[in-house]
There are 2 protein chains.
Amino acid sequence: MSEGRTPSPPTLEDVARAAGVSRATVSRVINGIRNVDPAIQEAVRLAVAETGYAPNQAARSLVTRRTGTVALVVSGAGGESAENPFPAQVFADPFFGRVAGGVVSFLRPLGIHPILMFAETAETRQQVVAYLRQGNADGALLVSTHGADPLPGLLVAAGLPAVLFARPSEPLPISYVDLAHRAGAGLAADHLVAAGRRRVATISGPLDVPAARDRLAGFQEAMAVHGHPFVPVAEGNFTAASGERAMERLLGEQPGLDGVFAANDVMAAGALAALRRHGRRVPGDVAVVGFDDSSAATACVPPLTTVRHPVEDMAAEMGRLLLAHLDDPAQRATSKIFQPSLVVRASS
Amino acid sequence: MSEGRTPSPPTLEDVARAAGVSRATVSRVINGIRNVDPAIQEAVRLAVAETGYAPNQAARSLVTRRTGTVALVVSGAGGESAENPFPAQVFADPFFGRVAGGVVSFLRPLGIHPILMFAETAETRQQVVAYLRQGNADGALLVSTHGADPLPGLLVAAGLPAVLFARPSEPLPISYVDLAHRAGAGLAADHLVAAGRRRVATISGPLDVPAARDRLAGFQEAMAVHGHPFVPVAEGNFTAASGERAMERLLGEQPGLDGVFAANDVMAAGALAALRRHGRRVPGDVAVVGFDDSSAATACVPPLTTVRHPVEDMAAEMGRLLLAHLDDPAQRATSKIFQPSLVVRASS
DNA sequence: ATGAAAGCGCTAACAG
DNA sequence: CTGTTAGCGCTTTCAT
């Protein structure tokens with residue numbers, strides 16, 4: 001009585017034998033296809049339980065040509081060389097965590113789990129394309145950290161289903177979700193003006209990022225509407241340190257400023273530090289408004305008034321759009337723009 | 001002359017025909033098996049290029065019984081009900097980002113991409129087990145947010161290869177990486193004492209988390225060695241808000257304290273806020289030491305002295321251990337404990 | 001309503 | 001060194 005060393009897992013065949021039916025019937029029951037006698041269904045279910053059967057996904061994919069998996073790709077815009085070989089920084093950004101959380105919350109109830117990929121060089125982008133072409137995933141959810149990311153174009157060229165987190169910088173037949181950045185920045189401007197602030201400045205994000213440009217433009221436009229055609233600007237790169245430096249510069253230019261809008265919460269937190277060092281009270285002397293409503297907004301002292309960016313909802317929508325496209329590949333690219341809202345806290 | 005509607009991707013057969021050889025030979029070339037005539041190798045490579053061939057992973061997995069994929073599972077300890085149905089919070093923690101970054105940086109050069117999973121209820125844990133049993137991934141990298149996570153036990157019981165981020169609370173034949181938490185906390189104690197601090201308190205993490213318990217014990221032990229057998233403790237839950245509340249309590253108990261060790265940087269940041277509100281200067285009146293050396297440590301004002309937790313390296317090591325186990329399933333469970341180090345910044 | 005049989009694309013003995 | 005041959009486990013016509 002020798003037992004197999006590595007008892008290979010039960011197959012459909014085993015279940016069929018145990019239930020006294022054919023493989024085809026077991027397959028039907030498992031895949032929830034009707035036209036199966038209830039009594040037989042029950043027998044099959046029993047056999048599945050007692051054999052501990054679990055369908056082999058590879059075999060299934062081979063015939064259905066579907067993996068039931070999607071890739072979640074975080075992509076930069078680097079060139080040939082690996083400028084940032086270590087992906088830790090990118091994933092450490094709470095923004096990425098929110099995207100991942102939103103994607104998972106939508107996909108998981110459907111039994112779909114995303115494959116995490118990271119691409120920032122020409123080589124790694126090709127890796128992503130090859131990976132998808134090999135049928136490791138049915139499609140991709142793409143989050144670019146820079147506007148000029150070539151990956152969306154590559155995906156479209158390869159005919160691979162994908163959905164982007166933001167409008168591509170070049171027009172492309174591809175679906176995406178995005179935020180009404182201009183409107184969001186406008187909310188911040190309206191709020192500062194309504195609060196009686198007259199000497200307002202802004203800390204922008206890196207201007208090669210479309211979202212950063214939109215937030216700046218939206219802020220400037222809204223301020224102009226309120227009779228403030230000129231707004232001092234200092235450019236940051238979305239990090240706390242850059243926000244701090246930008247605030248220093250602004251304070252140097254205009255010591256009497258009484259309000260500042262930062263294009264994200266993290267830079268606003270940096271600005272808070274600079275203001276404190278210069279003896280300005282927030283919001284007494286200077287009102288501060290951030291953008292995103294990220295964890296940084298509430299971790300600050302004082303907590304930040306900010307523009308809410310429904311990242312999780314948007315990420316979930318990406319999943320929805322991708323699945324819709326997979327169900328009906330003929331359907332055209334669509335987009336969904338989310339509306340931001342203002343969250344007022346102690347900093348303004 | 002009609003073309004196929006959906007031109008099905010080229011197969012090995014197509015490449016073989018184009019190269020004028022057999023499927024087996026093409027397979028050999030593609031899988032880098034030697035004993036193939038260099039001239040034929042070249043011909044095959046050419047044929048691959050002109051057909052645009054990409055191997056079908058499902059077909060490959062079906063016969064090799066390997067997917068070349070691993071699961072990265074973030075797991076809580078919840079019971080039957082979904083107390084925290086939304087995974088966004090968990091993924092938003094920068095700690096998770098560091099783990100993901102470390103895992104990806106190690107796995108990606110090997111062409112392996114992790115599947116992101118999240119489990120916090122009995123049901124979702126079963127989902128993870130089922131997913132692995134279906135052969136969607138060869139093994140799991142598991143990060144538990146609580147000590148009493150049942151998932152490691154389930155994985156062992158199912159005979160699924162896995163590596164944990166921390167020592168399991170129950171002894172289990174499973175590999176893991178961990179940090180010498182006690183030693184790390186000891187470093188913090190030594191530093192505070194060396195800096196002349198005499199009235200030192202600590203903010204612990206949630207005491208149902210083994211790492212939090214170890215950090216507290218390590219700190220108390222080291223302080224005792226330095227002649228301070230009693231250290232006031234306030235328990236937090238690793239969030240900034242909890243750190244702030246804990247600091248308030250400590251200040252109430254011992255208004256003259258001159259040093260505090262928080263079991264993570266985020267709570268230390270909260271403590272900083274409370275200290276500022278109470279008019280204490282850091283480090284002038286009170287020295288503050290955190291733990292982890294996370295992004296929170298440098299985002300604070302002043303930046304935190306902290307105990308470095310090499311999360312990325314540890315995550316990479318998890319990957320290495322898992323792959324080693326997959327290569328040789330007979331090999332026993334191993335563990336690797338990393339040593340922390342002190343990073344001195346302005347807060348102490 | 002159920003079963004028989006034909007592959008999905010690939011790797012791995014086994015011959016030659 | 002190369003080709004032939006069997007499947008891997010599953011879904012899916014096609015008969016019955």
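Chain A is the first sequence line, chain B the second, and so forth, proteins listed ahead of strands; every chain is numbered from 1.
A salt bridge between A:Glu50 and A:Arg17 is absent, with no side-chain N of the basic residue lying under 4.0 Å from a carboxylate O of the acidic one. Of the charged side-chain nitrogens involved, none lies within less than 4.0 Å of a carboxylate oxygen, so that B:Arg320 and B:Asp313 do not count as a salt-bridged pair. Between A:Arg108 and B:Glu120 a salt bridge is recorded (basic side-chain N to carboxylate O distance below 4.0 Å).
Distance A:Arg66 CZ to D:dG9 C1': 20 Å, rounded to the nearest Å. As rounded to whole Å, 12 Å separates atom C1' of C:dT11 from atom CD1 of B:Ile30. Here D:dC10 presents its C1' atom at 11 Å from CD of A:Glu13, a figure rounded to the nearest Å.
Among the nucleotides C:dC8, D:dC8, C:dT2, the one closest to the side chain of A:Leu62 is C:dC8. Listed nucleotides: C:dG9, D:dT4, C:dA1. Nearest to the side chain of B:Ser22: D:dT4.
Among all heavy-atom pairs drawn from A:Val104 and A:Pro114, the shortest one is CG2-CG, 4.2 Å. Closest non-hydrogen pair, B:Leu142 versus B:Leu155, comes out as CD2-CD2, 4.1 Å. The minimum heavy-atom distance linking B:Ala19 with B:Ala43 is given by the pair CB-O, 4.1 Å. Scanning both residues, B:Ala71 and B:Ala137, for their nearest heavy atoms gives N-CB, 3.8 Å. Shown here for B:Asp149 and B:Leu151, the closest heavy-atom pair between the two residues is OD1-N, 3.0 Å. The two atoms that bring A:Val15 and A:Val44 nearest to each other are CG1-O, 4.3 Å, heavy atoms only.
The closest side-chain donor-acceptor pair between A:Thr67 and A:Asp138 falls under 3.5 angstrom.
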Tabulate protein N/O versus nucleotide N/O from nucleotides 12-15 of chain C, keeping only pairs under 3.5 Å, one per line.
none

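Taking every heavy atom of residues 40-60 of chain A and every atom of DNA chain D, pairs under 4.0 Å involve A:Tyr53, A:Pro55, A:Asn56, A:Ala59, A:Arg60, by number. Contacts with DNA chain D (heavy atom under 4.0 Å) in residues 131-140 of chain A: none are found.
Using bins of under 30°, 30° to 60° and over 60° for the plane-to-plane angle, the ring pair A:Phe96/B:Phe96 lands in the parallel bin.
Applying the 4.0 Å criterion to OP1 and OP2 of D:dG9, one finds that B:Arg65 has a side-chain N or O inside that range.
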